[in-house]
J.: 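The structure that follows is given in the form of structure tokens.
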Amino acid sequence: MGYDFKTIEKKWQAHWAKNQTFKADNHSEKPKYYVLDMFPYPSGAGLHVGHPLGYIASDIYSRFKRHKGFNVLHPQGYDSFGLPAEQYAIQTGQHPAKTTQENINRYRQQLDQMGFSFDWSREVRTSEPDFYKWTQWIFLLLFDHYYCNSANKAQPITQLIEQFERKGNETVNAVCDASTPNITASEWKSFSETEQQEFLLHYRLTYLSEAEVNWCADLGTVLANDEIINGVSERGGFAVTKKKMKQWSMRIGAYAERLLQGLDRIDWPESLKEMQRNWIGKSIGAKVFFQIENHEKRIEVFTTRPDTLFGVTFMTLAPELDLVQEITHPDQKEAVEKYVEETQKRTQRERMADVKNCTGVFTGSYVLHPFTKERIPIWIGDYVLADYGTGAVMAVPCGDQRDYDFAKHFDLPIKNIFSGVSIEKEAFTDKGTTVIDHSDFLTGLSYEEAMKTVIKALEDQGSGEGTINYRLRDAIFSRQRYWGEPIPMYYQEGLPQPLDLKHLPLTLPEVEKYLPTPEGAPPLGNAETWAWDTQKEQVVANVLIDHKTVFPLELNTMPGWAGSSWYFYRYMDATNTNSFVGKEAAAYWKEVDLYLGGSEHATGHLLYSRFWQKFLFDLDLLPVEEYAKKLINQGMILGTSAFVYRKPGTQTYLSKELIQEADQTEPIRVDVGFVNSADELDIEGVRRWQPQFEKATFKLHNGVYKVGREVEKMSKSKYNVVNPDTICEQYGADTLRMYEMFLGPIEQAKPWNTAGISGVHNFLKKYWRLFYDGEQSVVHNEEPSKEELKILHETIKKVTHDIEHFSFNTCVSALMICVNELTSLKSHSSEILSPLTLLLSPFAPHLASEMWEQLGNKTTIDQVDFPLANESYLIQDTKNYPVSFNGKMRFTLELSLDLDQAAIQEAVLQDSRALEYLDGKTPKKWIVVPNKIINIVY
RNA sequence: GCUCGGAUGGUGGAAUUGGUAGACACGUUGGACUUAAAAUCCAAUGACCAUUGCGGUCGUGCGGGUUCAAGUCCCGCUCCGAGUACCA
């Protein structure tokens, strides 16, 4: 018998479950520490070896913190609403709740087998009514608030109504739609109830509006900007077009500045913060109003270069703007309408594809320059985006390349306003390297001076002002889906009405079919019972709708990011039925101390959740403004796909070495399970695997068929998935945990390679043999030697330091070195093995628990404090001291205090680098600093 | 295009943040123990030259620079990865 990981792991997993070892208490004398993982979406494919990487790291840290005397909250749950379960339901008629439950069961089993120290008593599932009740509740709170710029926080909508009644909205300093008209108090009062409600939607933090959305026909739903990658849907890669629809949106733009500022206060990876900064996209510039000729309206543009105002030679509007219809000259009407229609038909991808082709059309109208009063032609062109700035740009061809290209293409004038710069070939976009020319009162000024001067001038004559613009768009919140949180709203006279808080949760109705209705309404339109009776205050059948007391309910559901925007607070108080999180629990746990997850959520979940956090903080419902103090992105574990090479049109496959450069071959993926570590293919296995290979001819090279390899994302469809179950079966969970950490730095993406796992497995076996020689226990209670103690305490120091700095790969190495050295010393003293076992405990908890028990300890290892390094053991001889010279004639030595000066001198003289430079000079003075550092000044 | 990362043996990766580059592990080669295999252990393993010893030279993507000392700092390139993309 040797290291019997199967028995050991089973035993301890059962022990932890039975004793609820990792249950966290909301009251404790100990300091608290909250370690959070991004909870998984339970997909049908189960976990592959890439998924647990972050969970392993967070588990190691959690266990370490417990050993360090912290009350650790380390929960887990499921982001269980989502598309795949719904698509499976569409195909099979199986209720998504059922498949979700099955998948969760499988996930739980896989997670348990890896020995994670989760507190499962706090499990959350976003698709459970007990949970989404509170998601709906937050939605209603958002509906009930607006963002006050003066207070710089969310305020109840009732306050806004009060202001409207007193003074209308002219003096209101709040975030609202760009199209919001100005009204007086009497106008507000003259509004009907319906009109008032409609007007308030311009201000509410979640609002219903006719919006241009990203429509994905294949998925049958709208997508948020972060769900589109390169112009196609993130999920499935389908085409995305623009479409106007009534949609719920979240006014995240109100929080743009605070979301930006908050980044400076949190310990998140710099790259991720940079991504969020770019996504928010703050730019400083000015608004400029251009009067339309023979028209009462003005066109407002946003520009970051108001200093180039005198270089404007035309104006371009986004074709989607309503204003376009209004101002088009009758002569140009046909051309403009044709162009607008064409743009709408094109998908986002097509539009992105021909960035180089200039397209556009003249509207036949003109605006007047605010200073020179020159006539400036108005064009439309799809290089101008409707949803950035005001959807209109003042075109300065000499200073902007796109304007330049547009001008060249349509033969529009280009006016050079830069002193001593040629614009023959391209626009001049450098700021600050020259001065402005031909620009009236700006002539001769630098970029900075011109900016200041022109903004002042614009403000003085009321035709513009300095302003800040953000790229961040409001987030569309409606999804035409079944498997999501119902939006707790019903429609009365076409106006959305919120359900009362006491009626939550509004639970998902049963439907026959999960597809949209024949009329194209979302799947909830299939429900027979989906109307709200305002008298009975309950959900009733659709047939009862009379628009007097019974009204239709909202058919859209919430997007995937709704539940994940606040779930981390639910863990603190998962069973509370009176509140989303109890005040006391929130005050105790306060915030997440360490959050682990992938960087792919940078502009999605991690931004939206910060937004909700700030909102709930404004309402005094949460204690902090940023919920995650520190965040670490774990890198993806990639798969190593295997390819065989088919000669086109044949059934012949060539071994990789046989392929000549001239050969045309088609690479075809085969399951990595049929390939060994030397890239040799199990031909018989492949033949049985798929019929296309059954009768195929495999051309061998030196008797074997070698496959080609390529590193890519691990996925079922690429046949490169390595299942953790197989690894656990073969090597055990402890080996898997340590190996995943050993693979490389936690933040780095790295390819999985099963071959290397034997090194880690050998290490655990070696560790086991420190206790046993075959069947015989070799542990004794004799005093360990100084050498053994030195090895141990060096390792304690390194392991502690490395875990604290999340350098788990070097930490595993340190443990390996330690065990190697102890093995060669034949060190079996329990005084060494006990602390060593504690060091191993976060990484290989099963084996450590077992050996701890074998050492005769009464308490389990989880209750024991981590060992501390005793510095006095660390240095015993003078020969190997690191000596460093820092250029200021000073040496730094790490020594223990009981050394005599002769020993120190010897240590210094041992260092040839120092000797060479010092040319034999001897130290003038010794400075002995208490505490092991000694400075020697020459 | 812009922004942010990165480049170290056959491979994954170390290097106290300016101080003996290549820790640890995989792989490879040789050896021990075995009838044999597995398991385990030992040795070698950056490249080149010398191997009748010792040794020597070159080496962290490329070219410069600072320094007694550079993988690490500065300047200029090349390549790779990620994010973003007509953002006015």
Side-chain angles (χ1 to χ4, degrees), chain A residues 2 225-226 229-231 269-279 281-283 285 288 301-306 308 315-316 318 351-352 354-359 381-385 387-396 399-403 405-406 429 469-473 599-600 602-603 633 635-636 677-678 738-739 742-745 747-763 765-766 769 797-798 801 807 809-818 820 823-824 880 882-887 889 891-892 894 911-919:
Chain A
N225 285 331
D226 70 281
I229 309 290
N230 292 327
E270 206 40 58
S271 61
L272 192 141
K273 292 206 264 189
E274 200 58 35
M275 271 158 86
Q276 292 208 344
R277 283 189 195 110
N278 289 338
W279 192 261
K282 180 178 183 172
S283 45
V288 185
V301 303
F302 172 75
T303 177
T304 53
R305 295 295 303 275
T308 63
M315 169 167 290
T316 320
R351 243 170 109 160
M352 279 166 64
D354 57 23
V355 171
K356 286 184 192 85
N357 289 342
C358 272
T359 63
D382 71 359
Y383 81 94
V384 178
L385 303 175
D387 49 4
Y388 180 75
T390 58
V393 303
M394 54 175 232
V396 184
D400 183 286
Q401 193 54 44
R402 292 157 322 212
D403 296 344
D405 294 341
F406 197 84
T429 53
N469 201 37
Y470 299 92
R471 201 189 77 114
L472 184 68
R473 321 274 162 84
S599 59
E600 66 271 23
T603 52
N633 289 131
M636 218 186 313
S677 54
M738 288 202 98
Y739 183 54
F742 184 66
L743 231 37
E747 338 65 65
Q748 211 165 84
K750 53 223 153 210
W752 176 265
N753 172 18
T754 307
I757 204 167
S758 62
V760 171
H761 193 60
N762 281 343
F763 156 73
K765 287 196 276 192
K766 239 179 191 174
R769 284 200 303 271
K797 198 176 169 188
K798 175 119 178 84
H801 178 270
S807 177
N809 56 329
T810 53
C811 199
V812 175
S813 296
L815 287 165
M816 286 177 171
I817 295 167
C818 180
N820 281 346
T823 303
S824 62
N880 299 319
V883 179
S884 63
F885 179 65
N886 67 10
M889 306 288 273
F891 283 94
T892 309
E894 279 192 38
D911 194 278
S912 56
R913 294 161 303 170
L915 278 184
E916 276 166 33
Y917 181 65
L918 290 169
D919 210 12

J.: For B:G71 versus B:A7, give the span between their P atoms, rounded off to a whole number of Å.
T.: 14 Å
J.: For B:G56, measure the glycosidic angle (O4'-C1'-N9-C4 for a purine, O4'-C1'-N1-C2 for a pyrimidine) and name it syn if it falls within 90° of 0, otherwise anti.
T.: anti
J.: Check the distance between B:C86's P and A:D387's CG and give it to me in whole angstrom.
T.: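 Taking CG of A:D387 and P of B:C86, I get 10 Å after rounding.
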J.: Quick check for you: to the nearest 0.5 Å, what is the distance between A:E600 atom CD and A:M275 atom CE?
T.: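 One gets 9.0 Å once the value is rounded to the nearest 0.5 Å.
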J.: Kindly compute the distance separating CG (A:L743) from CD (A:Q748), expressed to the nearest 0.5 Å.
T.: 10.0 Å
J.: Pick the C1' atom in B:G22 and in B:A47, then give their distance to the nearest Å.
T.: 13 Å
J.: When rounded to the nearest Å, what value does the distance between C1' atoms of B:G10 and B:A44 take?
T.: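 That atom pair is separated by 16 Å.
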J.: Select one nucleotide: of B:C86, B:A39, B:G13, the one nearest the side-chain heavy atoms of A:K765.
T.: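 Of the options given, the side chain of A:K765 lies nearest B:A39.
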J.: Counting heavy atoms from C-beta on, name the nucleotide in B:U40, B:A88, B:U84 closest to the side chain of A:R471.
T.: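 The closest nucleotide is B:U84.
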J.: Check the interface with nucleotides 21-32 of chain B: list each N/O to N/O pair with the protein under 3.5 Å, or write none.
T.:
unit_1 : atom_1 : unit_2 : atom_2 : d
B:A25  : OP1    : A:N820 : ND2    : 2.9

J.: Please state the P separation for the pair B:G59 and B:C48 - nearest whole angstrom.
T.: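 Each nucleotide's P atom is 15 Å from the other's.
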J.: Closest to the A:Q748 side chain: B:C4, B:A88, B:G13?
T.: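 Out of B:C4, B:A88, B:G13, the nucleotide with an atom closest to A:Q748's side chain is B:G13.
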J.: Find the partner of B:C77: check Watson-Crick (N1-N3 plus N6-O4 or O6-N4) and G-U wobble (N1-O2, O6-N3) distances, both under 3.5 Å, and reply none if neither fits.
T.: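 Across all strands, the one nucleotide that pairs with B:C77 is B:G61.
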J.: Sort out the partner of B:A15 for me: Watson-Crick or G-U wobble, both distances under 3.5 Å, none otherwise.
T.: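 Result: none.
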J.: Check the distance between B:C4's C1' and A:Q276's CD and give it to me in whole angstrom.
T.: 14 Å
J.: Taking the same atom, C1', in B:G6 and in B:C62, what whole-Å distance lies between them?
T.: 16 Å
J.: Taking a pair as Watson-Crick or G-U wobble with both distances under 3.5 Å, which nucleotide is matched to B:C33?
T.: none
J.: Is there a side-chain polar atom (N or O) of A:R277 under 4.0 Å from OP1 or OP2 of B:U84?
T.: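 No, no such contact exists.
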J.: Which atom pair, heavy atoms only, marks the closest approach of A:S283 to A:Y388?
T.: OG-OH, 3.0 Å
J.: Does a side-chain N or O of A:Y388 approach OP1 or OP2 of B:A88 to a distance below 4.0 Å, or not?
T.: yes
J.: How many Å lie between OH on A:Y383 and C1' on B:A88, as a whole number?
T.: 8 Å
J.: Using both distances under 3.5 Å as the test, list the Watson-Crick or G-U wobble partner of B:U52, or none.
T.: none
J.: From CD of A:E274 over to C1' of B:G81, roughly how many Å is that when rounded to an integer?
T.: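 In whole Å, B:G81 C1' lies 17 Å from A:E274 CD.
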J.: Rounded to the nearest 0.5 Å, what separates atom NZ in A:K766 from atom CG in A:L815?
T.: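 Interatomic distance, A:K766 NZ to A:L815 CG, rounded to 0.5 Å: 13.0 Å.
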J.: For atom P, what is the distance between B:G76 and B:G83, given to the nearest Å?
T.: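 The answer is 27 Å between these two P atoms.
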J.: Scan A:L743 against the nucleic acid and name what it touches under 4.0 Å (heavy atoms): base, sugar-phosphate only, or nothing.
T.: sugar-phosphate
J.: Nearest of B:C4, B:C86, B:A85 to any side-chain atom of A:D382?
T.: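 It is B:C86.
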J.: If the C1' atom of B:C4 is compared with that of B:C58, how far apart are they to the nearest Å?
T.: 35 Å
J.: Based on the glycosidic angle (syn within 90° of 0, else anti), state the conformation of B:U40.
T.: anti
J.: Given that both distances must come in under 3.5 Å, which nucleotide forms a Watson-Crick or G-U wobble pair with B:U84?
T.: B:G1
J.: My understanding is that a pair needs two contacts under 3.5 Å, Watson-Crick or G-U wobble. By that rule, which nucleotide pairs with B:U45?
T.: B:G27
J.: With a 3.5 Å limit on both atom pairs, tell me what B:U66 is paired to, counting Watson-Crick and G-U wobble, or say none.
T.: none
J.: What interatomic distance, in whole Å, is found between C1' of B:A43 and the corresponding atom of B:A36?
T.: 24 Å
J.: Hey, what do you get for OG1 (A:T429) to CG (A:D403), rounding to the nearest 0.5 Å?
T.: 11.5 Å
J.: Just to be sure I understand the rule, does A:P745 reach a base, reach only the sugar-phosphate, or reach nothing, if contact means heavy atoms closer than 4.0 Å?
T.: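 Answer is sugar-phosphate: A:P745 comes under 4.0 Å of backbone atoms only.
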J.: Measure the distance from NE2 on A:H761 to C1' on B:A38 and round it to the nearest whole Å.
T.: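 Atom-to-atom, A:H761 to B:A38, this comes out as 13 Å.
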